[in-house]
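Small disclaimer: the values here were computed from a predicted structure and weren't measured.
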Amino acid sequence: MVLLKFHGGCHQIGMSCVEVIGEKERVFLDCGMMPDTGEIPKINDDAPLIVSHAHLDHCGAIPFYNFKKIYCTPPTADLMFITWRDTLNLQKSFKEEDIQRALSAIECLNYYEEKSLGENVKFKLYNAGHILGSSSIYLEIDGKRIFYTGDINESPQRTVRPADTDIDEIDVLIIESTYGSPLDIKPARKALERQLIDEIKETVERGGKVIIPAFAVGRAQEILLVLNNYIRNKELDVNIYTDGSLIHATSLYLSYTDWLNPKVKNLIETGINPFGNIKKADEEEIFNDEPCVIVSTSGMVQGGPVLKYLKLLKNPKNKLILTGYQAEGTLGRALEEGVEEIKPFKNKIPVRGEVVKIEFSAHGDYNSLIRYIKKIPKPEKAIVMHGERYQSLSFAMAIWKNLKIPAYVPVKGTILPI
C-alpha cells in the first residue's frame with residue numbers, strides 16, 4: 001500500500017509538501033514555506049525530494065533540512081538560489097551554509113528524463129507551463145502512478161510554453177486549485193495587457209508614478225515583456241526601473257533560451273532583449289517629479305525593496321498595480337482590500353494613491369484547470385490542494401460533478417492510502 005501524507009499546502013496557498021510513503025521508500029514532493037508567516041512543514045528529511053519549481057511556497061523550506069538528494073530542472077536549481085538568498089536577506093531564519101548544503105544535494109534533470117530512486121520507485125518531469133523550469137512530477141512507486149501537477153498553466157504565456165498534457169496513464173492526480181472556484185474566471189490575456197498599459201498611460205499623463213510589485217521569478221519577466229513590447233511598438237513612452245532580485249532572475253531567463261516560449265527565444269537570438277534595458281532603480285530619479293514605472297519585488301508586498309517605494313502612495317497622482325495573487329495576511333492583500341493606512345516601516349503611510357488589481361497570474365483559472373484535466377489521461381481519483389478553503393472545496397466538487405472523478409480535499413496532517 002502507498003500512503004500520501006500532506007504536510008502543508010492544504011486549504012492554503014503556501015508550504016506545499018507531500019510525502020509519498022511506499023513499502024520500502026519515501027519521497028517528498030516540494031517543501032515550501034508560508035509567504036506571510038514563514039512557517040515550514042515539520043518533517044523527517046531522511047528521504048529524497050523532488051521540487052516542482054522555484055517559488056517560495058514550494059521550495060522555501062528546503063535549506064532548513066538535509067535531504068538525501070534534491071531533484072529538479074536546471075533552471076529551477078539556479079532560480080531556487082535566488083529565492084533562498086531573498087529569504088535569507090529578509091528573515092535571517094537560516095544561514096548561508098544551509099543554502100550551500102542544499103545546492104550541493106541537487107541533481108538536475110531535463111523534462112521527460114526518467115530517474116530511478118530505488119527498486120520500485122522512478123519519476124520524470126513534465127513542463128508545467130508556470131514559470132521558467134517549472135515541472136509537474138510523474139512518480140511511480142510500488143506500482144502506483146501519481147501525477148503531482150505543482151502549479152500549472154495550460155494557457156500560453158509570453159515567457160514559457162503551456163503545460164504538457166500528453167502524459168502517461170495516471171492512478172492518482174494531485175492538482176492545485178489556486179483559482180479553483182467557478183467564480184475564478186480571468187479575462188483574456190490580451191485584455192489584461194491592454195488594461196495594464198491603459199492604467200499606466202493614465203497615470204503618466206497626469207504626471208504620476210506607477211509601482212508594480214512583482215514576484216522575482218515569473219511574474220516580473222511577464223510584466224517586463226509586456227511593457228517593453230508596447231515600448232518597442234511606440235505605444236508606451238515612459239522610463240521603466242527595476243529593483244530587487246528580479247534583476248538577477250531576468251538574467252537567468254536570458255541564459256535559458258531553450259526553455260522559453262519560442263517567440264521570446266527567437267527575439268533573443270536575433271539580438272533583441274525582450275525584457276528591455278534593465279535599469280536598476282535610482283532613488284534620486286524615482287523620487288523626482290518625472291513620471292515612471294517601478295517594477296520591484298516582492299509580489300505580495302511582504303518585504304523587499306518595493307516597501308521603500310510605498311511612500312509614493314501618499315500622492316494621489318501615483319498608483320500601485322497588483323499583478324498576482326495576494327495571500328491572506330500579507331500587506332498586498334490589505335492593499336487589495338482597500339486599507340487606508342499602511343506601516344511597512346516605523347512610520348504610517350496614508351494610502352491616497354489608487355490601488356488596482358490586474359491578475360497576471362501564472363496559474364490557470366477555473367476553466368483552464370478543467371480543460372487541463374480533460375486533456376490528460378483520466379485518473380482514478382483526484383486530490384485537491386494549493387488553494388484557499390473555498391477554492392479547494394469548490395474545485396473538488398466541480399471535478400466530481402463535471403468529470404465524475406472522485407475528489408478529496410486533505411487538511412494538513414491527513415494520511416491517505418491510495
Next on the checklist: Do Phe360 and Arg158 make a side-chain contact, defined as non-hydrogen atoms from C-beta onward lying under 4.5 Å apart?
Outcome noted: no
Checklist entry - Would a 4.5 Å heavy-atom cut-off, applied to side chains only, mark Val264 and Tyr253 as touching? => result no
Checklist entry - Can a salt bridge be assigned to the pair Arg189 and Glu193 using a cut-off of 4.0 Å between side-chain N and carboxylate O? => result yes
Checklist entry - Is Lys95 salt-bridged to Asp98, going by a charged N under 4.0 Å from an acidic O? => result no
Next on the checklist: What I want to find out is whether Arg333 reaches Asp36 closely enough, with some N-O distance under 4.0 Å, to be called a salt bridge.
Outcome noted: no
Next on the checklist: Quick one about Tyr111 and Asp164 (side-chain donor to acceptor, distance below 3.5 Å, no hydrogens or angles considered), yes or no?
Outcome noted: no
Next on the checklist: I want to check something: taking the side chain as every heavy atom from C-beta on, are Ile211 and Ile321 in contact at a cut-off of under 4.5 Å?
Outcome noted: no
Item to check | Ser181 and Gln391 side chains, donor-acceptor separation under 3.5 Å | outcome: no
Validation: residues 230-238 side-chain donor-acceptor distances under 3.5 Å, sequence neighbours left out:
residue, atom, partner, partner atom, Å
Asn233, ND2, Asn229, O, 3.2
Glu235, OE1, Arg194, NH1, 3.2

Checklist entry - Do the side-chain N and O atoms of Glu154 and Ser368 include a donor-acceptor pair separated by under 3.5 angstrom? => result yes
Next on the checklist: Strictly distance-based, threshold 3.5 Å: is any side-chain N or O of Asn261 a donor or acceptor partner for the main-chain N or O of Thr159?
Outcome noted: no
Checklist entry - Does NZ or CZ of Lys311 fall inside the cone over Phe345's six-membered ring, less than 6.0 Å from its centre and within 45° of the axis? => result no
Item to check | Close side-chain approach of Leu320 to Leu322, heavy-atom, < 4.5 Å | outcome: yes
Next on the checklist: To the closest 0.5 Å, what do you measure between NZ (Lys317) and NZ (Lys209)?
Outcome noted: 8.5 Å
Checklist entry - Ser104 side chain to Arg101 main-chain N or O, any donor-acceptor pair under 3.5 Å? => result yes
Next on the checklist: Strictly distance-based, threshold 3.5 Å: is any side-chain N or O of Glu290 a donor or acceptor partner for the main-chain N or O of Gly207?
Outcome noted: no
Checklist entry - In terms of ring plane angle, is the pair Tyr126 and Tyr112 parallel, tilted or perpendicular, where the classes change at 30° and 60°? => result perpendicular
Checklist entry - Between Asn127 and Pro162, is there a donor-acceptor pair closer than 3.5 Å when you use the side chain of the first and the backbone of the second? => result yes
Next on the checklist: Testing the 3.5 Å rule here: is there a donor-acceptor pair between the side chains of Asp151 and His58?
Outcome noted: yes
Checklist entry - Is it true that Glu19 and Arg26 make a salt bridge, defined as a side-chain N closer than 4.0 Å to a carboxylate O? => result yes
Checklist entry - Can you check whether Leu260's main-chain N or O pairs, donor with acceptor, with Arg161's side chain at less than 3.5 Å? => result yes
Checklist entry - So, the side chain of Thr203 versus the backbone of Gly208: is there a donor-acceptor pair under 3.5 Å, distance only? => result no
Checklist entry - Between Thr178 and His386, do the side chains contain an N or O donor and an N or O acceptor separated by less than 3.5 Å? => result yes
Checklist entry - Would you find a donor on one side and an acceptor on the other, under 3.5 Å apart, between the side chain of Asn367 and the backbone of Ile185? => result no
Item to check | Carboxylate-amine/guanidinium proximity below 4.0 Å for Glu359 and Lys357 | outcome: yes
Checklist entry - Should Tyr309 and Pro213 count as side-chain neighbours, where that means a heavy-atom distance under 4.5 Å? => result no
Checklist entry - Would you call Glu202-Arg206 a salt bridge at under 4.0 Å N-O? => result yes
Item to check | Val411 side chain reached by Phe6 side chain, heavy atoms, under 4.5 Å | outcome: no
Checklist entry - Is the NZ or CZ atom of Lys115 positioned over Tyr71's six-membered ring, under 6.0 angstrom from the centre and within 45° of the axis? => result no
Checklist entry - Can you find a pair of side-chain heavy atoms, one from Val217 and one from Leu132, that are under 4.5 Å apart? => result no
Next on the checklist: Using only atom types and a distance under 3.5 Å, with no angle test, would you say the side chain of Asn315 pairs donor to acceptor with the backbone of Leu312?
Outcome noted: no
Checklist entry - About how many Å separate OG of Ser361 and NE2 of His130, when rounded to the nearest 0.5 Å? => result 7.0 Å
Next on the checklist: Quick check on Asn44: does its CG atom have over 12 non-hydrogen neighbours (other residues, nucleotides or ligands) under 6.0 Å away?
Outcome noted: yes
Next on the checklist: With a 4.5 Å cut-off on side-chain heavy atoms, are Thr297 and Asp243 touching?
Outcome noted: no
